[in-house]
Every structure is written in C-alpha cells, then in structure tokens.
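Here is the naming used below: chain letters follow the sequence lines, and residue numbers restart at 1 for every chain.
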Amino acid sequence: MKYWLMKSEPNDFSIEDLKNRPNQIEPWDGVRNYQARNYMRDEMKLGDRVLFYHSRTNPSVVGTAKVVKESYPDHTAWDPNDHHFDPKTDKDNPRWYMVDVQFEQEFVRPIPLPELRKIAGLEKMVLLQKGSRLSVQPVTEGEFEIILNYAASQEA
DNA sequence: GCCAACGTTGGC
DNA sequence: GCCAACGTTGGC
C-alpha cells in the first residue's frame, strides 16, 4: 500500500465537498501536470491512503481519503467548456488521467502548514521542500502515521 | 493581490 | 536542443 498527498484549493473543491458527494466519492479531475499524472496513472492503487490538503487559503492538511478507483482517462480534458480543457489531447490517445477517491475522515483540527514544519520526522516531506508545487505527491508510511497521530492528539 | 519558483511553449 | 517568454501554482 502506498501513501499520497493531494492538493486542492478549497474554493474549488474542499474536503467538505468530498464528504457531501454521493457515496463520498469524487473523480480527481483537472490535473494537468505530467509528474502528478504519472503518479495517478502508474502508481496509485486501490486502497492507497491519501492526505487531503487545502492549498492557498490557509494551507493545511485537513483529513484523509482513499483510492477507490484506479486510473482512467480524465474526460474533462476533452470538454471545450471545462476549465481544464486541453485541445491537444484526443480520445484515441488520452493524455490526462485521474483516479476516484473516497472520503475517510476530516480532522477536527486541520494541521496548518507552519505547524507541519515543526513536527519531528516530517523534514523530508515533499510538501515541505522549497519550491515544491506538485499537486499529487508521494508520502512515506512514516510521514502518514506521524500526521495521523498528530491529528488524533489534537482531538483529545 | 503580490510575486518567486516552476513548468511549458515555441522561435531559432 | 537551447533558452527566453509566458502561464500557473501557491505561500504569504
């Protein structure tokens, strides 16, 4: 099993939105970065765990989700009316892929980015590296556990 | 809203 | 294949 962190701008799609979806499942569409796509297309497997991250507005880890459908073409790339329309990809040779994720839990207290930087054991997290902007990124099992434990300790 | 850091595009 | 110009991301 692998562990991931996925970013979303809460104004665009928040963890509350995920929680309110039918079956609490949502396709992770709109990723238009090759490295992030490769992770989704090639490495994300059923049951993989995901840290849900809110970017830009009060950046923080806000909860967890899991992968419930492995990669398939992101059809929004072919929709001229979609914000993430990509005129250069065609249906015979899909360029962009997505997975479905399902809500697991929302932290009672989100963990803000500055707080993450202070937690021992997270120094090497991709998220915390300078200039890191990947919207889909790997997390180690150790990092994942540290964050879950930290979140749980905040709820006591 | 600003802007630094990245990623992509396209002329040559 | 280089690299300048442009567009985007995301912390602040």
(Q) Which label fits A:F13 and A:W28: parallel for a plane angle under 30°, tilted from 30 to 60°, or perpendicular past 60°? (A)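 Rings of A:F13 and A:W28: perpendicular, over 60°.
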
**Q.** Residues A:Y3 and A:E145: side-chain donor-acceptor under 3.5 angstrom
**A.**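 No, no side-chain donor-acceptor pair sits under 3.5 Å.
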
Q. Under 3.5 Å, is there a donor-acceptor pair linking the side chains of A:D48 and A:W4?
A.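 Yes, because at least one side-chain N or O of A:D48 sits under 3.5 Å from a partner of the opposite role on A:W4.
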
(Q) With the threshold set at under 4.0 Å for non-hydrogen atoms, list the residues of residues 79-98 of chain A touching DNA chain B in residue-number order. (A)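 Close to the strand are A:K88.
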
Q. Residues from residues 128-140 of chain A sitting under 4.0 Å of DNA chain B, heavy atoms only?
A.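 Contacting residues: A:K130, A:G131, A:R133.
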
Q: Could you pick out which residue, A:Y34 or A:R56, lies toward the 5' side of DNA chain B when each is mapped onto its nearest nucleotide?
A: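 Taking each residue's closest nucleotide, the earlier one in sequence belongs to A:R56.
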
Q.
Under a 3.5 Å distance rule, please check whether A:S60 uses its side chain to pair with a backbone N or O of A:N58 as donor and acceptor.
A.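 Confirmed, A:S60 side chain pairs with A:N58 backbone.
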
**Q.** A:K2 bridged to A:E141 by N-O distance under 4.0 Å
**A.**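 No salt bridge links A:K2 with A:E141.
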
Q.
Salt bridge check, A:R95 against A:D86: does any charged N sit closer than 4.0 Å to a carboxylate O?
A.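 Salt bridge flag = yes for A:R95 with A:D86.
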
Q: Please find the earliest and latest nucleotides of DNA chain B, in the 5' to 3' direction, that have an atom within less than 4.0 Å of any heavy atom of chain A.
A: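 So the contact region on DNA chain B extends B:dG1 to B:dT9.
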
**Q.** pair A:L113-A:L127: side-chain heavy atoms closer than 4.5 Å
**A.**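 SC-SC contact between A:L113 and A:L127 confirmed.
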
Q) Under 4.5 Å between any side-chain heavy atoms of A:F85 and A:T76, yes or no? A)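 No, their side chains stay 4.5 Å or more apart.
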
Q) Run the side-chain hydrogen bond (donor to acceptor under 3.5 Å, both in side chains) check on A:N38 and A:Y97 step by step: do they pass? A) CA-CA 8 Å; A:N38 290 348; A:Y97 288 80; over 6 Å; no

Q) So, for A:M98 and A:M40, which heavy atoms are closest and what is the spacing to 0.1 Å? A)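 Minimum heavy-atom contact is CA-CE, 3.9 Å.
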
